[in-house]
Amino acid sequence: MSDIRSDVAAAVGRVLQEWGIADSVDPIVELSARPEFGDFSTPAPLRAARARRMAPMAIAEEMRERLTAYELPSIAGWTISSPGYVNCHVVDARWAPDVMAAALSLDSSVAVSAPRRMVDKGRTLVEHTATNPNKAAHIGHLRNACIGDCVVRMLRRTGGEVEVNNYIDDTGVQVADVAVGLRHLGYHQEPNETFDSFCSRVYVQVGRRYEQEPALLDIRRQTLHQIEAGDNEVARFVKELANRIVDCHLTTMGRFDIRYDLLSWESDIIALGFWRHAFELLRAAGAAVHVDQGKHAGCWVMPTDDDAADDDDAKVLVKSDGVATYTAKDIAYQLWKFGLLGRDFNYRRWDPQDHSSPATTTSAPGALDATLYGRASRVINVVDARQAYPQRVVRRALAKLGHQLEAERSIHLGYEVVALSATAAAVLGLPFQDGKNIYAFSGRRGIEVRADELLDRAVEAVAIKARDTASAVLLASGAVRYYLQKFTLNQVIVFDFDEALRTSGDTGTYLMYTHARAAGILRRVPEERMTGVPALHPAERALLHAVDSYRYALHEAADGLSPATLCTYTLGLAAAFTDFYEHTPPIAKEQDAVVRAFRRRLVACAKAVLADALHCLGLSAPEEV
RNA sequence: GCCCCCGUAGCUCAGCGGAUAGAGCAGCCGCCUUCUAAGCGGUUGGUCGUAGGUUCGAUUCCUACCGGGGGCGCCA
């Protein structure tokens, strides 16, 4: 398909070629910053200033003359503007039909492609969520899952092969704590309490009991040992507990349309000897060494890269009691992800009755083909920024084992935490602290906003105007997702109920409403077979540009693993559509058949692209609200 | 002490070397017998933390400092 923006870039490249500076200057073509400048602009003359030792405006003028001489059929004219841009105006009758045809041919089964964008070959494995299976998921876990899921959707939409893992740490102290509470302290689930929020409550109470009755810590220790040993009543109890909580988590995330290909269990990593095997590899490579003295005496550690004699900064892999650390198991798991461990899990369907349920690892022989999982060429771990150090250790372990390429392709997609605003803290009953405007959540102390609870409140917030309950749930889920995805990853989200539940402005609700509005127009105005392009209203031109930009925006967001980038684009698209809607007369009333058909088609384009973008964001695209 | 992130309008945030720094919220003034007002128009509001440096050009890159958050476990 012809693509005017690419044609312009090629023409600019040709000029640079003629000047002999094509190697040093990119033929970048971007949307003009303002409509007055034109449709597309290139800053190439600015970049060429050094190489050609000329004033940018003089270069721009020379480039304009050459470009004009090429007589591109789709370009109506070239201008220059300070400080050194060359701009073009497109021939609407050629450009608009191209843009619209591309938008209307969007097909969910065909990847969205963009010029000069290469998609990763091979499988990308994304790990996200990884909520401890001992309590209800809270808003911090939800941010993780939303980021991960959106990245997965964007990678898939741009043609990537992606496997989604959710890591279940079912052998750690957190599960043990709840097991201690349930088995020894006689807590009971309230009639209207879900199992996971019951466990959240127990977790908090057990934490308090530890402080009052240190003897309980012995019970925890015994519990942990029995979990580690496996094949005993305690281990089975914990496994069942974790299973039930995982079901709750899958249900919670399912409400946000977040799903997984594989649940990978830490207990299976232990049971199947993944760590033992990884440990052998690390020792053979000198990446795990035994320490005889100093603060790490009796441990196996991974030395730092600088060979200091007393290496106190080394990372402990095996504690002096012989138990592997979390990071150690993570190394084994990372090796498995790349297919470098030489071992496989066994796999079966999580819910054998439900074919759409994710697969799960199992230590017992499973029914699913092992080659379907792992064996990735790139691994993205969605883990909050506080864990940057252990993530670096995992990457370094791969490098030390000689897997330099895989180390480079081990990506820690870090993001900052969700914290509480002063007003949200007050709502949760935290005491006010003078001069403090950010308060930390604490699941341990019960200071948290549960994901389900937030969604319930969001449903209430939209219910007044929503058509029915089902519609309200879709809107609420999308609203919450958008709120958690619109912040850039390295921005702490200072959570605020009013801000999260707002339904106007820069919100998911507005985006979904805009889609429904476009759908409403299409229902009212019959489709016509006319293809003329009338003189464009500025709002129509702006909307066409927004529609045309989708493929670039999606690829930029996918390449940058940045949900926020796609959020910003989508808001701009919705705003452009609304602007068009508000500033052009109703289509149904339009007398001119060409104008009527054109505008209806433009609405269809905007709706198609909006739906596509919403899908990548994990928001629904409702026909009506 | 070392490392990472943040500091842009009253508030919450976009802006990954270029044109007059943009949104949303809050405030003020308007617009629902016209395709969905969860919307729109207008308006108020900025020495882009501070000081240097690199560059034709810096909110953007570098250095130092100031302020805020986080990390540097034989926790996970």
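So you know, we letter chains A, B, ... as the sequences are listed, proteins then strands, and number each from 1.
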Partner set under ring pair (Phe, Tyr, Trp, His ring centres under 6.0 Å) for [X], not counting sequence neighbours:
X        : result
A:Tyr550 : A:Tyr569
A:His138 : A:His141
A:Tyr167 : A:Tyr333
A:His290 : A:Trp300

Would you kindly check whether a donor in the side chain of A:Tyr510 faces an acceptor in the base of B:rA38, or vice versa, at under 3.5 angstrom?
no

If the glycosidic angle sits within 90 degrees of zero it is syn, else anti. Tell me which applies to B:rC32.
syn

Take A:Gln174 and A:Arg467, find for each the nucleotide of RNA chain B with the closest heavy atom, and name the residue whose nucleotide sits nearer the 5' end.
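Nearest nucleotide further toward 5': that of A:Arg467.
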
Is any side-chain nitrogen or oxygen of A:Arg34 closer than 4.0 Å to OP1 or OP2 of B:rG22?
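Yes, A:Arg34 has a side-chain N/O under 4.0 Å of OP1/OP2 on B:rG22.
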
Are any of A:Lys319's side-chain N or O atoms less than 4.0 Å away from OP1 or OP2 of B:rC75?
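It does, given that an N or O in the side chain of A:Lys319 lies less than 4.0 Å from OP1 or OP2 of B:rC75.
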
Write down the distance separating the [atom1] atoms in [N] and [M], rounded off to the nearest Å.
N      : M      : atom1 : result
B:rG46 : B:rA21 : C1'   : 9 Å
B:rC40 : B:rG45 : P     : 22 Å
B:rC31 : B:rA19 : P     : 38 Å
B:rC65 : B:rG57 : P     : 27 Å
B:rG42 : B:rA58 : C1'   : 34 Å

Non-neighbouring partners of [X] that pass side chain to side chain contact (heavy atoms under 4.5 Å, CB included), sequence neighbours left out:
X        : answer
A:Asn437 : none
A:Ser81  : A:Phe37, A:Tyr85, A:Asn87
A:Ala588 : A:Val525

Out of B:rC74, B:rC40, B:rG24, which nucleotide sits closest to the side chain of A:His296?
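Given the options B:rC74, B:rC40, B:rG24, the side chain of A:His296 is closest to B:rC74.
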
Can you tell me which residue pairs pass the ring-ring contact (aromatic ring centres under 6.0 Å, His included) test with a partner in residues 496-520 of chain A, sequence neighbours excluded?
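Listed once each, the pairs are A:Phe495-A:Phe497.
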
The correct set of residues in residues 555-573 of chain A placing a heavy atom under 4.0 Å from RNA chain B is A:Glu556, A:Thr568, A:Leu571

Between protein and nucleic acid, restricted to nucleotides 26-29 of chain B and to nitrogen or oxygen atoms under 3.5 Å apart, what atom pairs and distances do you find?
none

Restricting both atoms to N or O, compile the protein contacts to nucleotides 66-71 of chain B shorter than 3.5 Å, with distance only.
none

Look at A:Arg52 together with A:Glu62 and state whether they make a salt bridge at an N to O cut-off of under 4.0 Å.
yes

Stem finding on RNA chain B, please: runs of three or more consecutive Watson-Crick or G-U wobble pairs, both distances under 3.5 Å, sorted by first number.
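Stems found: B:1-7 with B:66-72, B:10-13 with B:22-25, B:27-31 with B:39-43, B:49-53 with B:61-65.
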
